[in-house]
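Residue numbers begin at 1 in each chain, while the letters A, B, ... track the order of the sequences.
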Amino acid sequence: MLPAQRAIPRIRQTATAHLTQTMNLLGLSRAEQGEFLNSVLASNPALELTKPTRCPTCRRALYLPGPCPVCHPAREGPIVFLATPPGRGRDESGEENLPEPAQPERLSDFLLRQIGPELSPEERSVANYLIARLDENGLMPESSAEAARYLHQPLAVVEKVLHAIQRCDPPGIGATSPIEALLIQVEQLAETHDVPQAVRPIILEHLEPLAHGEFGLIARALSLPRPEVEAAAKFIRLNLTPYPGRTFLGHDHQPTAPDPELYHEAEMVFRLAPNAAEGPLIVEVYAPLVGRLRVNPEIRTLVKTLSGAERENWEGKVEEAALVEKCLRQSQVTVLRLAAILAEEQRAFILGTDRELIPMTRARIAARLEVHESTISRAVSRKRAALPSGRIVPLSKFFDRSLSVRDVVRSIIAEENRPLTDTEVAGMLKERGIPVARRTVAKYRAMEGILPAALRRTQRAQRSAALSAS
DNA sequence: CTATGGCACGGATT
DNA sequence: AATCCGTGCCATAG
């Protein structure tokens, strides 16, 4: 099976070759857009950067024509406008270089800080890529070979960097499978602690029965006394996790005080005006260079004085530059309109919890904005939104049909007095006006990482045992 | 017999 | 056209 084609190689190509068709900027993340625009800017002298105008009252930088949307909110509804990301160094105009905000460290930065010093610049960019590919559990879903091919780097380099990542905290990060994550953790623990002998073979070969608590089965397979297996299981449960990424998120990604500058990584930031819980939502859409990249008018007039091959050459450049400018503006207008709709329709979800998400589809938004469905798909893909709670979520979360129901399932089980079976949960959902099949409840429960009722029983028993022991 | 997970189908969504 | 999602059916474990 071929891996899905990715955007960056395609972009490198178009940036250096002829830009004849409209470009797909919409489908790119903010970082990719920035990379692309910088390369176009460098390769086309007919393009120039201009400075944004400033709102006379609030001094905010304005990237689109018209009055300041914050000081002059046009009408009812959310306030949506373009802004440059508060990144460092990126802004060639020298404006808007905000100081590094104090913020809880993100996992990606935490990892880079650990391995950065021992890597060459080239390896560091490999590390950047690999870390960005880690899934929500901190595991690496992509093979080294795929990454190497994508990065155009030797396999050995990729593997070296990956191994460096795997030696980082939290232990097991960057492993390619839950099993590998567990093994890495065991090795690290073994340096300072005694590890029950049964632990390694259980991880390697009997993980499945372990999950079901089938200690007898394992004991027989390994020819070990059952208590030893149980001790090993307890060790695994207490000390190891197949999802190393979650341990970091656990203490770092908790809802934090909303810090307006926290949002390096999102392309859309939702917030409320201070002291205005009832006020309109304010949405900043981060867009590198937008509104400031334009065809240099001097070159435009200059071209008219040229002739022959030289003139043709420059006309081509100007045409290309105009196209870039147009595509860029077009894609940004679409994202802004999307942002406005999200803020309007999902206000409760943005300010509140998953449960308040209202089901919505890309197709419906497309109809409302009178654009093609694929346009909305691209506008949503590879982008993230920062919510006032401090959470950063992929935009696709806004279109998750089952999110709010899963949230209800979670709370039903959290508040249960005795372990409820899936059928019972399904019944309770029906009472609340959410008819879902029993099978579906099972899937939602699994998605939330909740064990089946029978196992929640033993989990309870173990928890209370541990509690009374301590 | 009950609870659950695997598989596969069909319709919706991208 | 490809993928995702909810669901029903069936096998299996307890």
Side-chain angles (χ1 to χ4, degrees), chain A residues 1-7 24 26-29 135-136 141 178 206-221 226 229-230 233 242 331 334-335 337-338 341-342 345-346 354 357-384 394-410 412-413 416-430 432-462:
Chain A
M1 197 169 58
L2 287 169
Q5 188 168 3
R6 295 201 180 74
N24 166 27
L26 209 50
L28 306 181
S29 71
D135 68 16
E136 63 199 7
H206 303 288
L207 218 46
E208 191 57 27
L210 179 74
H212 298 104
E214 296 161 330
F215 302 130
L217 190 82
I218 301 172
R220 252 173 288 134
R226 183 178 166 123
V229 171
E230 285 176 3
S331 69
T334 306
V335 175
R337 296 171 74 204
L338 171 66
I341 291 201
L342 292 180
E345 296 199 4
Q346 303 287 7
D354 287 355
L357 182 76
I358 298 161
M360 84 198 308
T361 69
R362 295 162 174 83
R364 218 190 73 233
I365 309 289
R368 186 162 160 196
L369 293 182
E370 299 180 298
V371 296
H372 196 272
E373 293 176 13
S374 68
T375 307
I376 300 298
S377 273
R378 292 186 188 289
V380 169
S381 72
R382 313 169 69 107
K383 294 188 186 58
R384 313 173 109 197
L395 273 196
S396 56
K397 190 160 181 160
F398 282 82
F399 299 88
D400 185 330
R401 275 181 280 168
S402 63
L403 191 68
S404 62
V405 186
R406 291 208 307 268
D407 198 51
V408 178
V409 169
R410 198 150 30 114
I412 288 178
I413 295 180
E416 71 189 1
N417 293 318
R418 93 196 129 79
L420 297 170
T421 67
D422 293 340
T423 315
E424 288 167 325
V425 174
M428 296 180 66
L429 284 172
K430 192 162 204 168
R432 300 197 193 188
I434 314 173
V436 228
R438 174 242 113 207
R439 190 66 191 80
T440 308
V441 173
K443 293 229 160 131
Y444 288 173
R445 179 174 49 65
M447 280 190 203
E448 297 295 326
I450 302 172
L451 293 171
L455 290 167
R456 293 208 296 282
R457 263 180 80 82
T458 66
Q459 200 181 42
R460 276 171 175 237
Q462 287 173 357

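Partners of Ser374(A) by side chain to side chain donor-acceptor pair (under 3.5 Å), not counting sequence neighbours, listed by chain and number: His372(A).
Atom CZ in Phe399(A) sits roughly 8 Å away from atom P in dT14(B) (whole-Å rounding). Here dA3(B) presents its P atom at 18 Å from CD1 of Ile450(A), a figure rounded to the nearest Å. For Arg457(A) and dG14(C), the CZ to C1' distance is 12 Å, given to the nearest whole Å. Spacing between atom CG of Asp400(A) and atom C1' of dT3(C) amounts to 15 Å, rounded to whole angstrom units. Look at CG on Asp422(A): it is 14 Å from C1' on dG6(C), rounded to the nearest Å. Between Met447(A) atom CE and dG6(C) atom C1' the separation is 9 Å, expressed in whole Å. One can place CD of Glu424(A) at 11 Å from C1' of dT2(B), the figure rounded to the nearest angstrom. Rounded to whole Å, the distance from CD on Glu373(A) to C1' on dA1(C) is 14 Å.
Between Leu342(A) and Leu395(A), the closest side-chain pair of non-hydrogen atoms falls below 4.5 Å.
Ion pair Asp407(A)/Arg410(A) flagged as a salt bridge, since at least one NZ, NE, NH1 or NH2 atom sits closer than 4.0 Å to an Asp/Glu carboxylate oxygen. By the 4.0 Å N-to-carboxylate-O rule, Arg378(A) lies too far from Glu373(A) to be salt-bridged with it. With respect to Glu424(A) and Arg418(A), a salt bridge is recorded, a charged nitrogen being found less than 4.0 Å from a carboxylate O. Under the 4.0 Å criterion applied to side-chain N and carboxylate O atoms, Arg406(A) and Asp354(A) are not assigned as salt-bridge partners.
One finds a side-chain N or O of Arg362(A) lying less than 4.0 angstrom from the OP1 or OP2 phosphate oxygen of dT14(B).
Contacts of residues 436-446 of chain A with DNA chain C (heavy atom under 4.0 Å): Val436(A), Ala437(A), Arg439(A), Thr440(A), Lys443(A), Tyr444(A).
Heavy atoms of Ser374(A) sit nowhere under 4.0 angstrom from any nucleic acid atom.
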